[in-house]
Number of protein chains: 2
Amino acid sequence: MPEDQKHYATYNDVHELCKESAEELNNWGINLIIAIGGGGYIPARILRSFMKKEDGSNIPIQAIGLSLYERLAKNSVEEVPGTEVKRLQWLDVNSSMINLIGKNVLIVDEVDDTRTTLQYAVEELQKDVKVAQKQLPSGSPLKGEETKFHVFVLHNKIKTKKGKLPGIAMNPKRYHAAVTTGDVWICYPWEADDIEDHDKLAKKNPIVALPAETEKITEEPSTTTVLGEPSPKVD
Amino acid sequence: MPEDQKHYATYNDVHELCKESAEELNNWGINLIIAIGGGGYIPARILRSFMKKEDGSNIPIQAIGLSLYERLAKNSVEEVPGTEVKRLQWLDVNSSMINLIGKNVLIVDEVDDTRTTLQYAVEELQKDVKVAQKQLPSGSPLKGEETKFHVFVLHNKIKTKKGKLPGIAMNPKRYHAAVTTGDVWICYPWEADDIEDHDKLAKKNPIVALPAETEKITEEPSTTTVLGEPSPKVD
């Protein structure tokens with residue numbers, strides 16, 4: 001892909017996008033943020049500064065580690081999309097999952113590209129919550145309490161999506177992208193080797209928001225290999 | 001504390017500090033990063049762009065959630081130091097801990113203030129690794145393999161530390177602060193309500209690095225209440 005087809009977001013752009021988005025997200029009654037690492041760490045931490053629970057307290061962040069990316073080259077800091085989801089970290093099924101029951105959970109990632117990672121995260125968390133529900137002692141006030149998953153990304157690329165988010169992707173109260181853009185190569189500041197160069201390139205080639213009415217996404221049946229490993233792997 | 005005693009780091013400052021620090025950290029043979037959330041998420045993700053394993057592959061990040069902070073006010077994004085460490089998320093003891101055995105682990109946080117959170121993280125991880133060692137099947141090649149914990153922070157404040165990091169804090173191959181500074185109020189960009197104002201204030205009141213020879217830290221006996229909860233709490 002030629003250099004001039006890359007589009008750049010600065011850190012301050014990302015900060016502003018999180019701030020603006022929090023105005024909408026604060027209407028959703030979110031009580032837990034789950035950051036998909038590594039890309040979701042930075043937007044999730046910034047979002048936390050602008051989101052509060054109804055009682056004014058901070059919303060806790062839990063992290064999961066998923067990777068759909070493979071190394072481009074040994075000496076490059078850039079990454080290219082892969083086709084497999086691998087678990088690097090997961091929530092502790094025994095102790096964390098019960099805390100998800102009945103909650104409004106916001107899953108945060110940097111970009112919704114093929115949607116494969118997001119589908120994996122939502123489906124696997126839904127499965128685990130179902131198990132946690134079954135393990136509740138009879139008479140528990142949490143019995144039958146629904147967990148609602150919501151999604152926030154900095155950028156959603158308009159393209160045919162391999163992954164699906166049924167009940168979420170087309171619901172403006174469950175899915176929020178700070179910017180809807182074309183199927184372009186996005187460069188995030190945390191991947192920049194030279195941050196000053198990056199900022200200059202961002203002035204020339206910012207990420208262009210498409211009008212909301214173009215946001216018609218075709219979800220095609222998933223053909224992606226999803227490797228659901230029962231335990232996190234460190235390397 | 002009067003407004004003019006606050007000192008500011010911009011996102012680009014943090015990016016540069018991670019890049020510079022990676023030159024040193026890349027000599028340590030690190031094969032796992034543990035980010036202390038929320039403050040460690042952002043430096044950990046940036047560091048990952050500049051750190052590679054010896055084979056050129058990315059270094060995985062796992063996150064733990066610890067909180068030593070309490071809410072300042074309902075309508076403020078700022079936080080003030082507290083005196084209790086609370087676990088919001090921990091590694092999955094059954095599956096993650098075995099992956100720590102024999103590794104060079106880099107624990108990442110934004111600031112080393114009272115050192116209480118860092119002490120908690122190191123001690124608790126050391127305990128868990130010891131348990132994982134004991135559970136290894138006899139004949140495992142990991143038997144007896146040492147796990148070495150290292151610490152990276154963006155800023156270390158010169159002050160009397162309540163927490164201790166024996167074998168780490170005074171070892172320049174185990175502890176690295178990108179900047180050693182005075183006991184000042186540090187404002188990170190991810191806590192900024194208005195990021196443009198923040199950047200202007202950073203020009204007027206940057207975080208001043210103290211000469212290395214001033215870095216004589218007195219560690220006093222810990223009197224901090226450490227609440228080690230067995231399971232993560234969501235709210």
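Reminder, nothing fancy here: chain letters follow the sequence lines and each chain counts from 1.
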Query raised in the report: Which atom names give the shortest non-hydrogen contact between A:Phe50 and B:Ala192, and what distance separates them?
Result: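 That closest heavy-atom pairing would be CZ-O, 3.3 Å.
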Query raised in the report: Closest approach of B:Glu191 and A:Ser49, non-hydrogen atoms and distance?
Result: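 What the structure gives for the nearest pair is CA-OG, 3.7 Å.
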Would you say [X] has more than 12 foreign heavy atoms packed within less than 6.0 Å of its [atom1]?
X	atom1	value
B:Glu24	CD	yes
B:Lys130	NZ	no
A:Gln126	CD	yes

Query - Partner chain A: residue of B:Gly39, B:Ala63, B:Ala44, B:Gly65 with the largest heavy-atom pair count (under 4.5 Å) - result: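 Between B:Gly39, B:Ala63, B:Ala44, B:Gly65, the count favours B:Ala63.
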Query raised in the report: When heavy-atom pairs shorter than 4.5 Å are enumerated against chain B, which of A:Ile64, A:Ile46, A:Val14 gives the highest number?
Result: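 If we count pairs closer than 4.5 Å to chain B, A:Ile46 comes out on top.
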Query raised in the report: Should the pair A:Asp193-B:Lys19 be classified as a salt bridge under the 4.0 Å nitrogen-to-oxygen rule?
Result: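 Yes, this pair counts.
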**Report entry** A:Gln62 side-chain N/O to B:Gln89 backbone N/O, donor-acceptor pair under 3.5 Å
**Finding:**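 Checking the backbone N and O of B:Gln89 against the side chain of A:Gln62, no donor-acceptor pair under 3.5 Å is found.
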Query raised in the report: For A:Tyr11 and B:Asn12, what are the C-alpha separation, side-chain angles and deciding distance, and is it a side-chain contact (heavy atoms from CB on, under 4.5 Å)?
Result: CA-CA 8 Å; A:Tyr11 282 112; B:Asn12 285 12; 3.5 Å; yes
Query raised in the report: Between CH2 of B:Trp190 and CZ of A:Arg45, what distance do you get to the nearest 0.5 Å?
Result: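 The distance works out to 8.0 Å.
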**Report entry** Distance (rounded to the nearest 0.5 Å) between B:Ile195 CD1 and A:His15 NE2
**Finding:**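 Spacing of CD1 (B:Ile195) from NE2 (A:His15) equals 4.5 Å.
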